[in-house]
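Working notes, beginning with the structure itself.
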Amino acid sequence: MSAVSDRLPAFPWDKLEPYKKTAAAHPDGIVDLSVGTPVDPVPEHIRKALIDAADSPGYPTVWGTPELRDALTRWVEHRLGAIEVTHRHVLPVVGSKELVAWLPTQLGLGPGDQVAYPRLAYPTYEVGARLARADHVAYDDPTELDPSRLKLLWLNSPSNPTGRVLPKEELTRIVAWAREHGVLVFSDECYLELGWEADPVSVLHPDVNGGSYDGIVAVHSLSKRSNLAGYRAAFLAGDPAVLGPLLEIRKHGGMMTPAPTQAAVVAALGDDEHVRVQRERYVARRTALRDALLAHGFRIEHSEASLYLWATRDESCWDTVAHLADHGILVAPGDFYGPAGAHFVRVALTATDERVRAAVNRLTA
């Protein structure tokens, strides 16, 4: 039998190591803009909630505490405009990457089934299909796909890596097409609260789904909005006919969000102020980096939302990576996200203000 790891592509980030060494040799140190990992403090009230729940000797439940489910349903209605959301419509997960990687397997997909994702996309969509031994296909417009074997359609708005936001009309059209053909839609909306030049809309909004959650599930994370990447805090919301079986599978698999994290999520979703403060930090960093990249001869495409600038000098992405590494700046090559990104780099906004200033000074010197 072939090992499971043999089904997976080579881990792309290893290819960045030589460029990381070059950037780290800069006299003023490296500015690492390659990975979208938060660097700002976890808000104090969230840390307090975590600490207060630290004495949790018993096993947590996979479905979460009633308080957590209440917080999830309230937030989905308040922030996303969803209607008539109950506990059956929500399910906590142990970070969104775990969910993306194992969803096709948990849905029972396998050889002959097809998983689709955007042409430029988070690599874990493909990984999930490979782990399940399902086929995978990248799309520009999902409604142009052959739906006969298509079992799972990933949407991603705002997009990682491009920051593109799908308009409400496009989401509505895609959801209608998927329902017509019996295709399950999972919409990765983890960057939804980070819209800069656009206002992202969820597939859970009644203007998109007509007031029905049939065949649609949204994926949300607190990693970016609340700086909780280290807490592994995410959740699903949508069709109970999909979430119910997933809950049972995850019970058997012991996929439990730790009890202190559950308490922290309740605190995080109950407060909008810390999200506003974090958005302001990212707006300032985005403006500074965008202006510096443009002044340095880059062109920025999309990037109307999310934590990245999708930038190009109309050359091989690896030439751009090398060029910026010589300036002590590390970015992600666009081909990590698909062949269509071969002439772009992804520049993350997730660096401290001091490191962003250093990058700006180097780009504009």
Classify the side-chain pair S226/H274 by whether it contains a donor and acceptor separated by less than 3.5 Å.
yes
Within a strict 4.5 Å, meaning less than it, do heavy atoms of the D146 and Q114 side chains meet?
no
Consider only side-chain heavy atoms of I, L, V, M, F, W and Y, link residues closer than 4.5 Å, and tell whether V331 and L307 are in one cluster.
yes
With a 4.5 Å cut-off on side-chain heavy-atom distances among I, L, V, M, F, W and Y, is there a chain of contacts connecting L293 to L349?
yes
In terms of heavy-atom contacts, W154 and V100 come closest through CH2-CG2, 3.9 Å
Shortest non-hydrogen contact from P38 to A229?
CD-CB, 3.8 Å
Heavy-atom distance under 4.5 Å between the side chains of R250 and V93, does that happen here?
yes
Main-chain N/O of G81 paired with H205 side-chain donor or acceptor, under 3.5 Å
no
Any side-chain to backbone donor/acceptor pair from R286 onto L309? Under 3.5 Å, distance only.
no
Nearest-0.5 Å distance, CG of residue L131 to CG of residue L109:
12.0 Å
Does atom CD of E84 have more than 12 heavy-atom neighbours from other groups under 6.0 Å away?
no
Check R355 with D28, please: is the shortest side-chain N to carboxylate O separation under 4.0 Å?
yes
Got L68 and T257 here, is their nearest side-chain heavy-atom distance under 4.5 Å?
no
Keeping Q106 on the side-chain end and I249 on the backbone end, is there a donor-acceptor pair under 3.5 Å?
no
Interatomic distance, L103 atom CG to Y125 atom OH [nearest 0.5 angstrom]:
11.0 Å
Y139, W177: one ILVMFWY side-chain cluster at the under-4.5 Å cut-off?
yes
Please determine whether salt bridge (Lys or Arg N to Asp or Glu O under 4.0 Å) holds for the pair D353 and R357, giving the CA-CA distance in whole Å, both sets of side-chain angles, and the decisive distance to 0.1 Å.
CA-CA 6 Å; D353 292 341; R357 282 194 298 272; 5.1 Å; no
For D214, is there any backbone N or O sitting under 3.5 Å from a side-chain donor or acceptor partner on R179?
yes
V217 and L91: side chain to side chain contact (heavy atoms under 4.5 Å, CB included), yes or no, with the steps?
CA-CA 10 Å; V217 177; L91 177 63; over 6 Å; no
Are the side chain of D14 and the backbone of L16 linked by a donor-acceptor contact shorter than 3.5 Å?
no
Stepwise, does the salt bridge (Lys or Arg N to Asp or Glu O under 4.0 Å) test hold for R47 with E44?
CA-CA 5 Å; R47 282 183 280 160; E44 184 176 352; 5.3 Å; no
With side chains defined as the heavy atoms from C-beta onward, is the minimum distance between H323 and H296 less than 4.5 Å?
yes
Taking all non-hydrogen atoms of both residues, which atom of I300 and which atom of R290 are closest, and how far apart?
CG2-NH1, 3.4 Å
Residue pair P92 / Q262, side-chain heavy-atom distance below 4.5 Å:
no
Residue pair V201 / L171: nearest heavy atoms and the distance that separates them:
O-CD1, 3.3 Å
Any sub-3.5 Å donor-acceptor pair from R130's side-chain atoms to R7's backbone N or O?
yes
Using a 6.0 Å cut-off, check whether atom CD of E280 has over 12 heavy atoms from anything other than its own residue.
yes
Would the distance check show the side chain of T162 and the main-chain N or O of R164 forming a donor-acceptor pair, the cut-off being under 3.5 Å?
yes
Do Y191 and Y308 make the cut of ring centroids closer than 6.0 angstrom?
yes
Got T312 and T320 here, is their nearest side-chain heavy-atom distance under 4.5 Å?
no
Look at the rings of Y19 and W318 and say which category their plane angle falls in: under 30° parallel, 30 to 60° tilted, over 60° perpendicular.
tilted
Can you give me the closest heavy-atom contact between A288 and V360, atom names plus distance?
O-CG2, 3.6 Å
Which value, rounded to the nearest 0.5 Å, describes the distance between L192 atom CG and S221 atom OG?
12.0 Å
When clusters are formed by joining ILVMFWY residues with side-chain heavy atoms under 4.5 Å apart, either directly or through shared neighbours, do L204 and V183 land in the same one?
yes
D272 side-chain N/O to R276 backbone N/O, donor-acceptor pair under 3.5 Å
no
Within the distance-only criterion (no hydrogens, no angle test), does the side chain of D135 pair as donor or acceptor with the backbone N or O of V137 below 3.5 angstrom?
no
Whether the side chain of R346 engages the backbone of P161 through a donor-acceptor N/O pair (distance < 3.5 Å, no angle test) should be reported.
no
Quick one, L222 and Y231 - any side-chain contact, counting heavy atoms below 4.5 Å?
no
Give a yes or no on whether D55 atom CG has more than 12 heavy-atom contacts from other residues, nucleotides or ligands under 6.0 Å away.
no
Among the clusters formed by ILVMFWY side chains lying less than 4.5 Å apart, do W102 and L236 turn up in the same one?
no
Point-to-point distance, once rounded to the nearest 0.5 Å, from CH2 of W63 to CZ of R88
8.0 Å
Please lay out, stage by stage, how L247 and L243 fare under the test side chain to side chain contact (heavy atoms under 4.5 Å, CB included).
CA-CA 6 Å; L247 172 59; L243 299 188; over 6 Å; no
Start with the C-alpha gap between V42 and L228, add the side-chain angles, then the distance that decides, and say whether side chain to side chain contact (heavy atoms under 4.5 Å, CB included) holds.
CA-CA 7 Å; V42 175; L228 297 189; 3.6 Å; yes
Check step by step if side chain to side chain contact (heavy atoms under 4.5 Å, CB included) holds for V85 and L72.
CA-CA 9 Å; V85 180; L72 296 178; over 6 Å; no
Interatomic distance, L150 atom CG to L152 atom CG [nearest 0.5 angstrom]
7.5 Å
Any idea which heavy atoms bring S306 and W196 closest together, and the distance?
O-NE1, 2.7 Å
Supply the atom-to-atom distance Q278 CD to K224 NZ, rounded to the nearest 0.5 angstrom.
11.5 Å
Determine whether V35 and T350 make a side-chain contact, defined as any pair of heavy atoms from C-beta on separated by less than 4.5 Å.
no
